[in-house]
Amino acid sequence: MAEQENREQEIKEQKIENPETEGQEVSNLEEQMETEIETDLDDSDKEERLDEALEEEEALEGEKEVGEVKEKKGFFGRKKEKKDKKDLEIEELTDKYKRTLAEFDNFRKRTEKEKSQMYEIGAKDIIEKILPVLDNFERGLASISEEEKETPFAEGMEKIYKQFVKTLEDIGVTPIEAVGKEFNPDFHNAVMRGEDEELGENIISEEFQKGYLYRDSVVRHSMVKVVNC
């Protein structure tokens, strides 16, 4: 402590004697004093500070370990936690709702399919009853002579027939092609067989009664004659 006081006295005297050069020299003296003060620290003070630092480091490590243990316990503890009754009820009701929704969707699709099938069956039944009327129309028009075709009555019958055919086409009724086509049992009904050198095998040469389709299903098969079968 005495040396420190002497140094301070020297600095003050130097400031008084050399006021112009107090900058660099005085700062050098101050730095020397700080260095000496640090080196003059008692060894016991150094040991106390070192012990304090070690204690702080150990305390931090202990807190870290405790935190890790708590986190692990919390992690494994969550696995053992049981679900709340309300959560179980919510899951059960959600599952029932999904099942009911799926069943209703299947019921709706099945009902629509059944309705479509019933409508198609009913339409085919009605069309099948109408076709004989169409056949009679065609026979009546075919029996009209060339002279009578120009009469107002014949022209009126022709117009009604065309309107009848157009109405059937609009609802999906179309005639099955037969003459000149290869025989197909899915669409044709062979009622006569014959030979014809000008035609190939299993070719339809004549049609006795027209067949009709409703959309993609057969309402009535064509009655035909097949040659070279």
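Fair warning: this is a prediction, and the values are worked out from it, not measured in the lab.
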So does Glu92 pair up with Lys96, basic N to acidic O under 4.0 Å? yes
Hydrophobic cluster membership, with links at side-chain heavy-atom distances under 4.5 Å among I/L/V/M/F/W/Y: are Val165 and Ile171 in one? yes
Just do the side chain to side chain contact (heavy atoms under 4.5 Å, CB included) check on Phe137 and Met157 with the steps written out, would you? CA-CA 8 Å; Phe137 243 120; Met157 292 294 291; 3.5 Å; yes
So, taking the atom named CD1 in Ile203 and the one named NZ in Lys181, what distance separates them when rounded to the nearest 0.5 Å? 9.5 Å
Checking Thr100 now: which residues fulfil side chain to side chain contact (heavy atoms under 4.5 Å, CB included) with it, not counting sequence neighbours? none
Do the side chains of Met192 and Val226 get nearer than 4.5 Å, heavy atoms only? no
Kindly compute the distance separating CD1 (Ile90) from CG (Asp95), expressed to the nearest 0.5 Å. 13.5 Å
Interatomic distance, CD1@Ile127 vs CG@Leu134, rounded to 0.5 Å, equals 11.5 Å
Indicate the atoms forming the closest heavy-atom contact of Ile204 with Ala178, along with that distance. CB-O, 3.4 Å
Apply side chain to side chain contact (heavy atoms under 4.5 Å, CB included) to Ile121 and list each qualifying residue two or more places apart in sequence or on a separate chain. none
Test side chain to side chain contact (heavy atoms under 4.5 Å, CB included) applied to Ile130 and Phe164, step by step: CA-CA 10 Å; Ile130 291 174; Phe164 193 7; 3.2 Å; yes
How far apart are the C-alpha atoms of Glu169 and Lys166, what are their side-chain angles, what is the distance that settles it, and do they pass the side chain to side chain contact (heavy atoms under 4.5 Å, CB included) test? CA-CA 5 Å; Glu169 288 178 354; Lys166 180 65 169 56; 4.2 Å; yes
Could you grab the distance from atom CG of Leu168 to atom OH of Tyr212, nearest 0.5 Å is fine? 7.5 Å
Whether Arg108 and Asp105 form a salt bridge (side-chain N of Lys/Arg under 4.0 Å from carboxylate O of Asp/Glu) is what I want to check. yes
Grouping I, L, V, M, F, W and Y whenever their side-chain heavy atoms are under 4.5 Å apart, do Val133 and Ile144 come out in a common cluster? yes
Say you draw a straight line from CD of Glu103 to CZ of Arg110; how long is it, rounded to the nearest 0.5 Å? 9.5 Å
Would Val219 and Leu131 satisfy side chain to side chain contact (heavy atoms under 4.5 Å, CB included), going step by step from the backbone distance to the final call? CA-CA 9 Å; Val219 178; Leu131 290 179; 4.0 Å; yes
Decide yes or no for Lys159 and Gln163: does some side-chain heavy atom of the first lie under 4.5 Å from some side-chain heavy atom of the second? no
Salt bridge (charged side-chain N to carboxylate O under 4.0 Å, His left out): which pairs involve residues 187-208, sequence neighbours left out? Glu206-Lys225
So which atom in Lys210 and which in Ser222 form the shortest heavy-atom distance, rounded to 0.1 Å? C-OG, 4.1 Å
Would a single hydrophobic cluster contain both Tyr97 and Leu88, if residues Ile, Leu, Val, Met, Phe, Trp and Tyr are joined by side-chain heavy-atom contacts under 4.5 Å? no
So which heavy atom on Val218 is nearest to which on Phe187, and how close? CG2-CD2, 3.7 Å
Can you see which heavy atom on His221 is nearest to which on His188, and at what distance? CD2-N, 4.0 Å
Hey, which of Glu128, Arg220, Glu120 is the one that makes side-chain contact (heavy atoms from CB on, under 4.5 Å) with Tyr214? Glu120
In this structure, would Val173 and Tyr119 fall into the same cluster of hydrophobic residues linked by side-chain contacts under 4.5 Å? yes
Atom CG of Asp87: over 12 foreign heavy atoms under 6.0 Å: yes
Near Glu177 CD, under 6.0 Å, is it more than 12 heavy atoms from other residues, nucleotides or ligands? no
Examine Val179 and Leu199 and state if one hydrophobic cluster contains both, with Ile, Leu, Val, Met, Phe, Trp and Tyr joined whenever side-chain heavy atoms are less than 4.5 Å apart. no
Does a salt bridge link Glu146 with Lys149, judged by any charged N lying under 4.0 Å from a carboxylate O? yes
